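Nothing here was measured: the structure is a model prediction, and the numbers come from that model.
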Amino acid sequence: MAIKTARSTVGWQQNSAAHYKAPTSRRRVCTYWLAGKCNRNPCRFSHDASLPGNVYHRAAKQSSHMAEDFPGRKGPESSPVNSASSTSGERSESSTNNNPLKPQEKLCNFWITGNCVKGDACPFLHSWCHGVDFAMLAKLEGHKKGVSGIALPSGSTKLYSGSKDGTARIWDCHTGQCDQVINLGGEVGCFTCEGPWVFVGLPHTVKAYNIQNGASYNISGPVGQVHALEVANDMLFAGAQDGTILVWKGGSEADPFQMAAPLRGHTKGVVSLTVGRDRLYSGSIDRTIRVWDLHTLECVQELVGHTDVVMSLLCWDQYLMSCSLDKTIKVWGVATEGGSLEVGYTHHEDHVCCLLIFFSFFGGTRVD
């Protein structure tokens, strides 16, 4: 890449890219480097954070404002410059760039539907994963309709998946091959597992499979589709289409699931459940979240704030997180001495939010 340098005014004597360097006394911190966006090598601004504090902090502040005001913008350090109009010391570059920066870290809607024709030239993401923490290992194909739940029992080498096509598939985690297809006879609404048990939410029933001894049970009671399942305190919770949360407690070996009192309060289907801090939290199509005491099984609070279906809930430390089809993620925290929850923060997304997951990796934690 040819680089033109100006003479005399700034004291540059070399005209070779290999010797391209500004006098140390006049160099400033590259604001685009601070923002992680500079792709120039060499760059006439410094990539050294050890410059005097006032210069560094001023550059950092400028970078921060620029990132906030123009999150997808390419500045002069990463955009083509016309040599005829550039000021002294500015350099020109070809419009061809082998590693163009993405103007916006957003998914390409045309790529999602398989209709993007721009390929690598598209300024939007063509990948479900972005960043250094994740990489796709395999794509498991076989279901004919949307996958509504997966389960990976502890200590098992098998992955279980359920779909709206009415089947469950068992996958070998080492080969990625499907070992078995189970026809469940109804649309799968959710999947979960606890110990050796795998639970499947179906219309009007919950199926339970023990992967150690091969036992299976049909647990009746729900009205309509079972959308959510959760296990805690030796109890199984199921959120049903009619707004009821059914509860089964552990029983005898012959009858391991005994019905307890149903939890009523939601006016529409319950689609999300989570447990934390001796509480059961339920999210519903009625746009509310209800908090239930795990010991008394009574509702102790109703949380109102979302304007659409509450799709997923997650307990993280002392906080409750919720996401919704209203394109927001809300963080609820204890705000009163009585332990009542209130919204402490609301994050807005460009797309609808369907799922929150918490997991540990390499000694750290992450929420997505």
Side-chain angles (χ1 to χ4, degrees), residues 1-4 17 20 30-45 47 62-87 90-148 150 161 163-165 176 308-309 311-312 323-329 347-357 361 366-368:
M1 177 176 66
I3 299 177
K4 294 183 179 181
Y20 184 82
C30 174
T31 57
Y32 292 90
W33 172 75
L34 289 173
K37 297 181 179 180
C38 184
N39 65 346
R40 293 299 185 87
N41 186 17
C43 176
R44 73 183 182 90
F45 296 104
H47 287 195
Q62 292 172 349
S63 174
S64 175
H65 290 327
M66 179 172 53
E68 293 174 358
D69 296 338
F70 307 96
R73 172 185 169 183
K74 292 182 181 179
E77 288 301 307
S78 59
S79 59
V81 178
N82 189 320
S83 59
S85 61
S86 61
T87 59
E90 294 292 340
R91 52 192 170 151
S92 62
E93 84 172 329
S94 169
S95 59
T96 302
N97 193 327
N98 293 328
N99 186 27
L101 294 174
K102 299 292 184 183
Q104 296 185 35
E105 304 300 347
K106 297 181 180 179
L107 278 173
C108 173
N109 291 327
F110 294 100
W111 173 78
I112 294 175
T113 58
N115 296 321
C116 185
V117 297
K118 294 187 177 181
D120 293 339
C122 180
F124 298 98
L125 292 177
H126 282 201
S127 173
W128 294 111
C129 300
H130 179 63
V132 297
D133 293 330
F134 298 95
M136 181 178 289
L137 298 179
K139 181 184 290 187
L140 309 182
E141 298 180 312
H143 286 296
K144 304 303 181 184
K145 294 183 180 180
V147 176
S148 47
I150 59 174
S161 63
S163 167
K164 295 184 181 300
D165 62 12
D308 211 325
V309 182
M311 294 296 296
S312 184
C323 72
S324 167
L325 295 183
D326 63 11
K327 301 182 181 180
T328 67
I329 298 174
H347 172 75
H348 296 269
E349 284 285 340
D350 294 324
H351 302 278
V352 295
C353 305
C354 294
L355 181 64
L356 294 169
I357 299 176
F361 67 106
R366 184 182 181 106
V367 177
D368 283 313

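Between the side chains of Thr328 and His347, no donor N or O sits under 3.5 Å from an acceptor N or O.
Residue-environment remark: CD1 (Ile150) stays at or below the threshold of 12 foreign heavy atoms within 6.0 Å.
A distance of 11.0 Å separates CG in Leu325 from OG in Ser312, rounded to the nearest 0.5 Å. Between atom NE2 of residue His143 and atom OG of residue Ser148 there is a gap of 8.0 Å, rounded to the nearest 0.5 Å. Put simply, NE2 on His348 and CG on Asp326 are 8.5 Å apart, with the number rounded to the nearest 0.5 Å. Separation of atoms CZ (Phe110) and SG (Cys116) is listed at 8.0 Å; rounding is to 0.5 Å.
Between Ser163 and Lys145 the shortest side-chain heavy-atom distance falls below 4.5 Å.
Between Gly176 and Leu140, the shortest heavy-atom contact is O-CD2, 3.4 Å.
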